[in-house]
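These values consider heavy atoms only, across backbone and side chains, with no hydrogens, waters or symmetry-generated copies. For clarity, every value in this text was computed on a predicted model and none was experimentally measured.
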There are 2 protein chains.
Amino acid sequence: MSTYGDFEAIMLIRTPQDIGALLRESRKKAGLGQAELARRIGVSRQWVVEVERGKPRAEMGLVLRALNTLDNPLQTGLTAPYDGVADTPDIDIDAIVEAARQPR
Amino acid sequence: MSTYGDFEAIMLIRTPQDIGALLRESRKKAGLGQAELARRIGVSRQWVVEVERGKPRAEMGLVLRALNTLDNPLQTGLTAPYDGVADTPDIDIDAIVEAARQPR
DNA sequence: GGCTATTGTCAGCGATCGGCGACATTGCTA
DNA sequence: TAGCAATGTCGCCGATCGCTGACAATAGCC
């Protein structure tokens, strides 16, 4: 086992589920319970539970605060060259948008 | 001017303002207007305006979608060892929390 | 085996979100 | 200078947020 334990060195955050997983891992790594973390962030236990489960409509400000509290700030990196499916694929944008509209 | 223009290679995201700045820069870099971006993300122009201004209570899911749309996904890095002012400085957590409660 | 801490879930409530459509302001180009 | 596109702002609306407080269901420990 190395110095850094079993944490992913770099994790891409693309969905609320990613946020949830990251938050939960970080919390456990810090040896905190949901209640303690909630107290430090300034939210309810309920909030922590839901965000860890991938709640898509959580407040961004609270999420950022949570990550900062756990010493896991986000950052942007000009990661990938992007050659796969990304944007402007000439399809009906409106249709996609409509379908993507927060179902839950 | 180099190939990469005037973009920060890596930017730490700690506050909603950071998100706003990033979003705006990315949008302009992509040569998009707020209306076009909003259309692609699936939100209203209003939303884009507010988030770019640093709205703290924006939906996380929409924010992530916006960044993905602009090819600027977030990631976690074990950035810094953290020695500055960050957290658990032995002060009244509750007081800080109370003060931090989204004043808006 | 029994106990305590942790976690997941429920309902109800005030506050806020994000959308709509229109209007003022700004900026840029011709 | 005139004119158009982009941007910022307004009020109203249904939908959803996050909070409280309590109760199951696990999990981990003695």
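- A straight line from NZ of A:Lys28 to P of D:dG28 spans 9 Å, rounded to a whole angstrom.
- When distances are taken from the side chain of A:Ala58 to each of C:dG19, C:dT9, D:dG18, the shortest belongs to D:dG18.
- In this entry the distance linking CZ of A:Arg39 with C1' of C:dT7 reads 18 Å, nearest Å.
- Annotation: side chain of B:Leu64 is in contact with side chain of A:Ile19 (closest heavy-atom distance under 4.5 Å).
- Nearest nucleotide to the B:Arg57 side chain, out of C:dT16, D:dG8, D:dC17: C:dT16.
- In this structure, the side chains of A:Ile13 and A:Met11 come closer than 4.5 Å at one or more pairs of heavy atoms.
- Atom-to-atom, CD of A:Gln46 to P of C:dT6 comes out at 18 Å; the value is rounded to the nearest Å.
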side-chain contact (heavy atoms from CB on, under 4.5 Å) evaluation trace for B:Arg27 with B:Gln34: CA-CA 8 Å; B:Arg27 176 176 62 78; B:Gln34 294 177 334; 3.6 Å; yes
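- In this entry the distance linking CD1 of A:Ile41 with P of D:dG18 reads 12 Å, nearest Å.
- Counting heavy atoms from C-beta outward, B:Pro73 and B:Leu67 have side chains that stay 4.5 Å or more apart.
- A:Glu50 has its CD atom 10 Å from the C1' atom of C:dG8, to the nearest Å.
- Minimum atom distance to the side chain of A:Glu59 is reached by D:dC17, of the listed C:dG19, D:dC17, D:dT20.
- Counting heavy atoms from C-beta on, the side chains of B:Gln75 and A:Gln75 come closer than 4.5 Å.
- For the pair B:Met60 CE and C:dC17 P, the computed distance is 16 Å after rounding to whole Å.
- As rounded to whole Å, 12 Å separates atom P of D:dT7 from atom CG of B:Leu23.
- Nearest to the side-chain atoms of B:Ser44 among the listed nucleotides C:dG19, D:dC17, C:dC17 stands C:dG19.
- Between A:Val63 and A:Glu59 there is no side-chain heavy-atom pair separated by less than 4.5 Å.
- Between D:dG18, C:dG8, D:dC10, one nucleotide has an atom nearer to the side chain of A:Lys55 than all others, and that is D:dG18.
- Here D:dA27 presents its P atom at 14 Å from CD of A:Gln34, a figure rounded to the nearest Å.
- Residues A:Lys29 and A:Arg24 form no side-chain contact, since every pair of their non-hydrogen atoms from C-beta on lies 4.5 Å or further apart.
- Taking the side chain of A:Arg24 as heavy atoms from C-beta on, and the options C:dT7, C:dT9, D:dC10, the nearest nucleotide is C:dT7.
- The side chain of B:Arg45 has C:dA22 as its nearest neighbour among C:dA22, C:dT7, D:dC10.
- Bending across the helix from C:dG1-D:dC30 to C:dA30-D:dT1, expressed as the angle between its end axes from five pairs apiece, amounts to 60° (10° rounding).
- Sequence order on DNA chain C of the closest nucleotides to B:Trp47 and A:Leu32 puts A:Leu32 first from the 5' end.
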